Enquirer: 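First the structure, then my questions, so here it is.
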Amino acid sequence: MQERQFNQDFFQFLTDSPTPFHAVAVMAEKLQEAGFHKLSETQEWHLKPGNAYFIIRDNGALAAFTLAAENHQDQGFRFLGAHTDSPSLQIKPLAGKTTHSYFQLGVEVYGGPLLATWFDRDLSIAGKVVCTTADNQFATLLIDFKRSVAVIPSLAIHFDREANNGRAINKQKELVPIFSQTADGDPLNFSSILVEQINREHPEKKAAAILGFDLFFHDCQPPSFLGMNSEFITGGRLDNLLSCFTGYTAMIETKIANSANGNSLLVCSNHEEIGSLTASGAKGNFLQSILERITPDPLARQRSLRKSFFISMDNAHGVHPNFSDKSDPEHLPLLNHGPVIKTNANQNYATTSVSTAIFKTLAAEAGVTTQDFVMRSDMACGSTIGPFTAATLGIPTVDIGAPTLAMHSIREITGSRDPFLLYRTISHYLSREHLPQTEG
Ligand code: ZN
C-alpha cells in the first residue's frame with residue numbers, strides 16, 4: 001500500500017466516523033470484507049486455527065484477532081490497542097429549549113476538549129439511537145445528519161473587551177448550540193426530528209418512538225492536507241482514530257503472513273477520554289473475556305500471555321513552536337519524524353526499557369525512525385490504556401503514538417507522513433516471524 005492512498009483512505013475513515021459507534025461500524029465492515037468472521041459474545045465460538053475474527057461490544061468497542069495456523073493456544077499474541085472515542089459535546093437526555101426564538105440543545109462535555117475551538121464551527125449531530133419500530137420491537141441504530149445543523153456563536157468582542165485575555169468558558173451557560181430558529185417561538189420536538197432522521201437513514205425500520213440516545217456534536221469540515229507542501233494533516237478526532245485506522249488496516253493487510261507466524265489481536269476500546277471504566281472501556285472485561293474464550297485453560301492462557309507483547313497506540317504531543325517551553329528541552333518530538341515512544345517514571349505510560357528496545361528494533365527493521373517523549377518534570381503527565389492493560393494481563397507493553405499538535409482541539413494536526421510511518425512499523429510487527437528476544 002502506498003502513502004497517498006493510505007492517507008486518502010484515512011480521510012474517508014475520519015469522515016465516516018463522527019462517533020465511536022460509527023468508527024466501529026466502519027471497521028467491522030472493512031474486516032468482514034477482508035475475510036474476518038464476525039463473532040457474537042452471546043453465542044458459542046467455534047474457532048479454527050489460521051482464521052481471523054472480530055467482535056463488537058456495545059457498538060463502541062471492537063476487537064479483531066487472527067489465530068496461528070498451528071498450536072495457537074501455545075503461542076503468544078502480538079497485541080495492538082487504541083481507543084475509538086474523542087472529546088466531544090454530548091446531547092442531554094431532555095435537550096431542547098427555546099430562547100428568543102432560538103431552539104437550542106443542551107450538552108454535557110464528554111472528556112477534555114479544548115472548548116474554545118468549538119465556537120463558530122459548523123456542527124452536525126451523530127450517534128446511536130434506540131427506538132421502537134412499527135412492529136413494536138427495539139432497534140439500536142446509528143444516525144449522522146452529515147450537514148451543518150448547529151453552531152455555538154462566540155460573544156462579540158464589543159460585549160467583552162477582555163475576550164482575548166483568557167476568558168473562562170461556563171460549560172452550562174455559554175456552550176449551548178443553536179439548532180434552529182422557530183417562527184412562532186414554539187419549541188421543536190427533538191424526538192420527532194430524530195424519528196424523521198432515522199426513517200431517512202433506515203427506512204426499513206419504520207421508527208415510531210425514541211427510547212434513548214447517545215448523540216454527539218461533531219465538526220462538519222472534512223479532514224485535509226495543509227501546509228505549502230501538504231506536510232500536514234488536519235481533521236477532527238485524529239486522537240485516536242489515527243491509531244484505530246492504522247491498526248485495522250495493518251490487521252487486514254498482514255492477515256495471511258500474520259497467521260503463519262502466530263496470534264495477533266487488535267482491541268479498540270471506547271471511553272478512554274473519560275477514564276476507561278465502562279463495559280466497553282479498557283478497564284472493562286472485554287479483552288479479558290475474549291482471551292478466556294480463545295484459550296479457556298487458565299494456565300495455558302497465562303503461558304500465552306507471558307509470551308505476548310502489547311503496543312498501546314495513542315497520539316503523542318509534538319513540540320509546539322510557539323510554546324516550546326512546555327516541553328522537556330531534550331525531548332522534542334516533531335511531526336513527520338516517526339512514532340513517539342512515551343515514557344513516564346511513575347508509569348502513567350506502560351513503557352519500560354525492554355518494551356522500548358523491542359519497539360525501536362521493530363521500527364528500525366521497518367526503516368522508520370522513532371522519537372522519545374517525557375513530560376516536563378514540573379508538569380503532570382497524561383495517561384493511556386497502556387498501564388492498566390499491562391497490569392491486568394501482565395504483558396510487556398509500550399506506549400507509542402503519532403506526534404500531534406492541538407490535541408483535543410475540534411481540529412487536530414499531525415504530519416502527513418506520520419500515519420503511514422506508524423502503519424509500516426506495526427505491519428512489520430504483525431508480519432515478523434518472531435518478536436525480538438529480550439529475556440535473559
Ligand atoms: Zn488518545
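Note that ligands are numbered from 1 as they come in the structure, with each ligand's atoms numbered from 1 the same way. Keep in mind the model is a prediction, meaning the values are calculated, not measured.
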Enquirer: Output yes when Glu201 and Lys146 qualify as a salt bridge under the 4.0 Å nitrogen-oxygen rule, no when they do not.
Expert: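 No, this pair does not count.
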Enquirer: How is the N/O/S atom of Asp239 that comes nearest to the Zn ion (ligand 1) named?
Expert: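 Per the distance ranking, Asp239 contributes OD1 as its closest N/O/S atom to the Zn ion (ligand 1).
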Enquirer: Does the side chain of Ser264 pick up a donor-acceptor pair with the side chain of Thr66 at under 3.5 Å?
Expert: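 Short answer, yes.
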Enquirer: Do other residues, nucleotides or ligands put more than 12 heavy atoms under 6.0 Å from the NZ atom of Lys307?
Expert: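 Enclosed: over 12 neighbouring heavy atoms sit under 6.0 Å from NZ of Lys307.
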Enquirer: Taking just the N, O or S atoms of Asp314, which one is nearest to the Zn ion (ligand 1)?
Expert: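 Closest N, O or S atom of Asp314 to the Zn ion (ligand 1): OD1.
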Enquirer: Report yes if the distance between the aromatic ring centroids of His331 and Phe373 is under 6.0 Å, otherwise no.
Expert: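 No; Phe373 has its ring centre 6.0 Å or more from that of His331.
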Enquirer: May I ask you to check whether Glu272 brings an N, O or S atom to under 2.8 Å from the Zn ion (ligand 1)?
Expert: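 It does not: Glu272 brings no N, O or S atom closer than 2.8 Å to the Zn ion (ligand 1).
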